[in-house]
Amino acid sequence: LNFAIFAEIYNFPSNFVWGAASASYQIEGAWNVDGRIPSIWDTASHKNNSSVVDGSTGDDAAMSYYYYEKDIQALKDIGFKTYRFSIAWPRVLTKTNQVNQAGIDYYSKLIDRLKEEEIKPMVTMYHWDLPQYLQDLGGWTNPAIVKYFEHYADTLYKHFGDRVKEWITFNEPATFCDGGYSWGWHAPEIRTEKQIGGYLCSHHILLAHGAAYHLYKNKYFADQQGKVGICLNTGYSFPANENVTDEHVDRAMHFGLGRYANPIYSVDGDYPRVMREAIDQKSTDEGRRWSRLPHFTTAQVESLHGAADFLALNYYTSSLIQPYSHLGWNPADSDSEIHSFHDDNWKRSSSSWLVSVPEGLYHLLLWIKDNYNNPLVYITENGWSDLPMTIEDDGRVEYLREHLAAMSRAITDGCRVETYTVWSLTDNFEWMRGYTERFGIYAINFTDPERKRIPKNSVDLMKQVVRDNFVEVEKD
Ligand code: GBH
């Protein structure tokens, strides 16, 4: 393919930062060494007949606890300037909330090595590995957890804040709150009626985020001068036909993204009004004494409002939407009463939920710009899955080219996107899909004791993008 003739070129700003992302439980292994205490993912993956499709666990995974130098080399070979990784709560604090020095030492070493290679560490505090003892107290449905999280954040700022300047409190609460506490397909695998558990979880996540944000501003910012944000995931909702209105689109966006983003980034703060009203009404109709969606106090609304220095965004895929009222039947019991589905023409990955809709990223970024007063955005995950050991990963190369082009167009149209970290640096433990679906730009054979990081074709693409600061996309 001769790009000189058949390609369009999409540029990026000269100060744009490129990198890759990972998460502790998915890569580290070493699940029971050096004082690490059990997490809810150890519990979920170790139990008899676990829901992990291939019966696998993250006990060893990519062994990054031992082989982090291989990850750093992989980042270096591409020329990436940032690495988004997560810290395992169960590694750095004991059950009595004392520091576990071995855990601190591990991350300290990793951070120092990254800095020596001029790779900025971007740290996610919570990428789903909750200490099991906290789940035994109710986990994210218990308001007491806010204080535990605030103390954990304090520990991280204190030990690493001299070197880490970009903090993400939570990764994708939309995934783990409803997955973990409403539908039960995610650790801790709790099912509750009508999303009661999921709404409690998101409420406490927001309060915990606010506590960690203000702690940083009050106690650390003067010295450390870093930024704190939260990582939210969503697709864009495209009208399925001409009868679906902008109001339906906004409703779908508010029930998905707005549930987490409005309290922090919107002009007025608090939950989206459409959500508040719908769930309050349904709760009354269901004969409940109070709403399934908890209320913030006025002080909490004010404290959360504006409590972020950037929005970290994970974008994978999008949907077509149609309100139930147009369908004449109820496809699911959901408070939004919006049905979402995929266009048959969208390219499919190895994950059932993931189809390629680059146009969705463009529209999502503009929706965020228009609804949240054009916040600073980091794209902290975007990626494609295929089968194990697909080194010629042309599907991923094409997906990445098209999504980078969409991001470039959004920047040209005024969106403030300044960083992109691809998901993922290496193949890893893909939660309930185990090792059956692979997102890495480096392949790993998980029976290889050395866990060699093997570059896929997408590594060459990312090298070119980092070098030239543009991406080429084939013309139709
Ligand atoms: C991210 O979630 C995670 O942050 C990351 O850890 C993960 O490895 C990566 O994506 C790839 O999955 O099974 O049909 O009910 C992505 C968003 C939302 C994807 C929930 C899976 C479940 C769909 N996730 N979704 S389904």
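For the residue pair Glu189 and Ser51, a side-chain donor N or O sits within less than 3.5 Å of a side-chain acceptor on the partner. Side-chain contact, Gln132 with Thr43: a donor N or O sits under 3.5 Å from an acceptor N or O. The closest side-chain donor-acceptor pair between Tyr83 and Ser22 falls under 3.5 angstrom. When only modelled atom types and interatomic distance are considered, Glu437 and Ser351 share a side-chain donor-acceptor pair under 3.5 Å. A side-chain donor from one of His295 and Arg276 sits under 3.5 Å from a side-chain acceptor of the other. Donor-acceptor pairing under 3.5 Å is recorded for the side chains of Ser385 and Ser349. Side-chain contact, Asp34 with Tyr65: a donor N or O sits under 3.5 Å from an acceptor N or O. Side-chain contact check for Tyr271 and His203: at least one donor-acceptor pair (N or O, by modelled atom type) lies under 3.5 Å. Counted by atom type alone, Arg251 and Ser336 present zero donor-acceptor pairs between their side chains at under 3.5 Å. Between the side chains of Asn428 and Tyr25, no donor-acceptor pair is found at a separation under 3.5 Å. Side-chain contact, Asn314 with Asn171: a donor N or O sits under 3.5 Å from an acceptor N or O. Checked by atom type, the side-chain pair Thr419/Arg84 shows no donor-acceptor distance below 3.5 Å. Using modelled atom types and a 3.5 Å distance limit, the side chains of Gln195 and Asp178 yield a donor-acceptor pair.
Partners of Glu193 by salt bridge (Lys or Arg N to Asp or Glu O under 4.0 Å), not counting sequence neighbours, listed by chain and number: Arg288. Remark: Ala23 engages Gln26, Ser86, His127, Trp423 in a side-chain contact (heavy atoms from CB on, under 4.5 Å) (not counting sequence neighbours). Applying the salt bridge (Lys or Arg N to Asp or Glu O under 4.0 Å) criterion to Asp270, with sequence neighbours excluded, gives no partner residue. For His326, the side-chain contact (heavy atoms from CB on, under 4.5 Å) partners two or more places apart in sequence, or in a different chain, are Asn243, Val244, His248, Gln322, Pro323. Applying the disulfide bond (SG atoms under 2.5 Å apart) rule to Cys177 yields the partners Cys201; only residues at least two apart in sequence or on another chain are considered. For Pro121, the side-chain contact (heavy atoms from CB on, under 4.5 Å) test picks out Phe85, Ile111, Leu114, Lys115, Val164, with sequence neighbours left out. Partners of Gln300 under the side-chain contact (heavy atoms from CB on, under 4.5 Å) rule, at least two apart in sequence or in another chain, are Leu207, Phe296, Thr297.
Taking OH of Tyr315 as the start and CD1 of Ile379 as the end, the distance is 10.0 Å to the nearest 0.5 Å. Taken to the nearest 0.5 Å, the NE2 atom of His186 stands 11.5 Å off from the OH atom of Tyr181. Taken from OH in Tyr372 to OH in Tyr265, the straight-line distance is 10.0 Å, to the nearest 0.5 Å. If you take CD1 on Ile338 and OH on Tyr324, they are separated by 8.5 Å, rounding to the nearest 0.5 Å. Here the straight-line distance linking atom CH2 of Trp18 with atom CZ of Phe16 works out to 4.5 Å at 0.5 Å rounding. Between the OH atom in Tyr107 and the OG atom in Ser24 there is a gap of 5.0 Å [rounded to 0.5 Å].
Results of the side-chain contact (heavy atoms from CB on, under 4.5 Å) test with Val52 over Lys47, Met432, Glu430, His46 single out Met432 as the only residue that passes. A ring-ring contact (aromatic ring centres under 6.0 Å, His included) with Tyr157 holds for exactly one of Phe221, Tyr152, Tyr213, Tyr216; it is Tyr216.
Here Arg91 does not pair with Asp129 in a salt bridge; the nearest charged N to carboxylate O distance is not below 4.0 Å. Between Arg113 and Glu117, at least one side-chain N (NZ, or NE/NH1/NH2) sits under 4.0 Å from a carboxylate O, which counts as a salt bridge. Ion pairing between a basic and an acidic side chain is recognised when a charged N comes within 4.0 Å of a carboxylate O; Asp105 and Lys109 show no such pairing. In summary, Lys120 and Glu166 engage in a salt bridge, as defined by a charged side-chain N under 4.0 Å from a carboxylate O.
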Show me the donor-acceptor pairs, under 3.5 Å and distance only, between side chains in residues 359-369 and residues at least two apart or in other chains.
from	atom 1	to	atom 2	distance (Å)
Glu359	OE1	Arg409	NH1	3.1
Glu359	OE2	Arg409	NH2	3.4
Tyr362	OH	Asp413	OD2	2.4
Trp367	NE1	Asp250	OD1	2.8

Which donor-acceptor pairs under 3.5 Å do the side chains of residues 142-151 make with protein atoms, sequence neighbours left out?
from	atom 1	to	atom 2	distance (Å)
Asn142	OD1	Ala144	N	2.8
Asn142	ND2	Leu137	O	3.0

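With a 6.0 Å radius and a threshold of 12 heavy atoms from other residues, nucleotides or ligands, Lys217 has its NZ atom above the threshold. Around CD of Glu116, the count of heavy atoms belonging to other residues, nucleotides or ligands within 6.0 Å exceeds 12. Residue Gln225 qualifies as enclosed at atom CD: its count of foreign heavy atoms under 6.0 Å is above 12.
Among residue pairs with one or both ends in residues 17-47, none qualify as disulfide (SG to SG under 2.5 Å); sequence neighbours excluded. Every pair tested for disulfide (SG to SG under 2.5 Å) that includes a residue from residues 270-315 fails, sequence neighbours excluded, so the list is empty. Counting only residues at least two apart or in different chains, salt bridge (charged side-chain N to carboxylate O under 4.0 Å, His left out) contacts with residues 324-343 comprise Lys194-Asp333, Lys282-Glu337, Arg292-Asp335.
Between Tyr378 and Ile168 there is no side-chain heavy-atom pair separated by less than 4.5 Å.
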Given Asp154 and Lys219, is the salt bridge (charged side-chain N to carboxylate O under 4.0 Å, His left out) satisfied, shown in steps? CA-CA 9 Å; Asp154 198 356; Lys219 188 169 165 188; 3.0 Å; yes
